[in-house]
Amino acid sequence: KWKGEGTTQNLESIVIGRCYDYIGIVNPAVGEKNCSAIWEAFKNAFINKDPCNILPNDYELFINLSFHTIPPNKSLFWENNQLLVNSFAGRGRRYMSLADTLFGFVADYLNWCGQANSAGLDYESCPTTEECENNAVESFWRKASATYAQHSSGVIHVLLNGSVVGGAYPEPGFFADYEIPNLQKDKVSEIVIWVVDDIEGPDIESCGTHTVKILENRLKTLGYDVTCTDNYKSVMFLLCLD
């Protein structure tokens with residue numbers, strides 16, 4: 001009945017398994033977490049509810065149970081280059097993007113929704129953001145993004161795609177709408193923007209032009225120290241490697 005794909009098969013096993021993987025292998029420094037309770041809090045945010053009426057704060061208990069500190073100078077925000085960010089961050093080894101936190105890690109690349117008056121998950125279809133904004137996945141990432149931004153500190157990094165049609169810095173977008181407004185100015189020393197073109201892709205945007213300039217101006221107006229680099233070497237090496 002919805003246009004989006006249904007809930008990922010074996011969702012419960014994946015979420016609980018990823019939780020144990022994270023605290024045991026990926027990032028043991030976060031200490032003990034109750035993975036079963038984290039799954040229950042995650043599920044109860046959207047189960048038995050109208051799939052178009054899930055709000056970010058419905059995930060509050062999940063966030064509280066899975067939360068851990070984000071190391072200073074390690075935050076990596078992004079738009080339009082998820083795979084590149086995943087490999088560049090190196091699962092928290094180089095940077096800790098949202099997907100490298102426990103609360104982002106358990107849900108990355110998954111899909112889910114429930115149904116009103118049913119304790120089951122909907123494996124057939126889930127609403128897209130076009131069909132309704134307040135769907136289970138969209139609201140989850142809004143809450144996770146806001147939490148991530150609130151607890152980021154030191155030097156903040158932003159990786160943008162200079163080859164994407166429609167703007168390296170999209171508005172509306174998660175970074176524009178949920179992350180920038182939740183940065184804590186007194187905890188941020190500098191914001192470093194990297195605009196990286198796809199290998200052999202078009203060079204549509206660069207520092208100081210188009211939407212990147214809009215972003216730079218917005219951050220400077222908010223009082224941040226901002227630097228911007230085109231085709232940052234370390235990221236380019238990774239792209240070449242791939």
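Note that the coordinates shown come from a computational prediction; the quantities given were computed from them, not determined experimentally.
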Step-by-step side-chain contact (heavy atoms from CB on, under 4.5 Å) determination, Phe103 to Leu98: CA-CA 8 Å; Phe103 48 95; Leu98 173 52; 3.6 Å; yes
Where the side chain of [X] meets the backbone of [Y], is there a donor-acceptor pair that is under 3.5 Å apart?
| X | Y | answer |
| --- | --- | --- |
| Asp230 | Cys207 | yes |
| Glu205 | Thr211 | yes |
| Thr101 | Gly104 | yes |
| Ser125 | Trp2 | yes |
| Asn10 | Ser13 | no |
| Glu190 | Thr227 | no |
| Lys33 | Ile23 | no |
| Glu131 | Thr128 | yes |
| Ser75 | Ser152 | no |
| Asp198 | Ser163 | no |

Polar side chain donor-acceptor pair, Gln150 to Asn182, under 3.5 angstrom: yes
Distance-only side-chain donor-acceptor flag, Gln184 / Ser153, under 3.5 Å: no
Taking the side chain as everything from C-beta on, heavy atoms only, tell me whether [X] gets closer than 4.5 Å to [Y].
| X | Y | answer |
| --- | --- | --- |
| Val26 | Tyr20 | no |
| Tyr59 | Phe46 | yes |
| Asn135 | Pro127 | yes |
| Pro51 | Ile54 | no |
| Met96 | Pro71 | yes |
| Leu215 | Val226 | no |
| Gln82 | Asp108 | yes |
| Trp39 | Phe62 | no |

Test log, rule side-chain contact (heavy atoms from CB on, under 4.5 Å), inputs Trp112 and Val137: CA-CA 7 Å; Trp112 64 90; Val137 175; 3.8 Å; yes
Intermediate values then yes/no, salt bridge (Lys or Arg N to Asp or Glu O under 4.0 Å), Lys43 and Glu40: CA-CA 5 Å; Lys43 180 183 72 174; Glu40 289 298 323; 3.5 Å; yes
Connected-component partners of Ile204 among ILVMFWY, side-chain separation under 4.5 Å: Val165
Hydrophobic cluster partners of Leu238 (side-chain heavy atoms under 4.5 Å): Leu76, Trp78, Leu84, Val85, Phe88, Tyr95, Val155, Leu159, Val192, Trp194, Val196, Ile199, Tyr232, Val235, Met236, Leu239, Leu241
Hydrophobic cluster identity match, Val158 and Val164, side-chain contacts under 4.5 Å: no
Leu55 with Phe42, same ILVMFWY side-chain cluster at under 4.5 Å: no
Residue pairs, two or more places apart or on separate chains, that pass ring-ring contact (aromatic ring centres under 6.0 Å, His included) and touch residues 210-229: none
Let me check something: any side-chain donor-acceptor pairs from residues 168-181 under 3.5 Å, sequence neighbours excluded? List them with distances.
residue	atom	partner	partner atom	Å
Tyr169	OH	Arg218	NH1	2.8
Asp177	OD2	Gly173	N	3.2
Tyr178	OH	Arg142	NE	2.8
Tyr178	OH	Arg142	NH2	3.4
Glu179	OE2	Ser145	OG	3.3

Any residue meeting ring pair (Phe, Tyr, Trp, His ring centres under 6.0 Å) with Phe67, in chain and number order, not counting sequence neighbours: His151
Closest non-hydrogen atom pair between Arg18 and Ala107, with its separation: NH1-C, 3.7 Å
Residue pairs, two or more places apart or on separate chains, that pass side chain to side chain donor-acceptor pair (under 3.5 Å) and touch residues 44-58: Asn57-Lys143
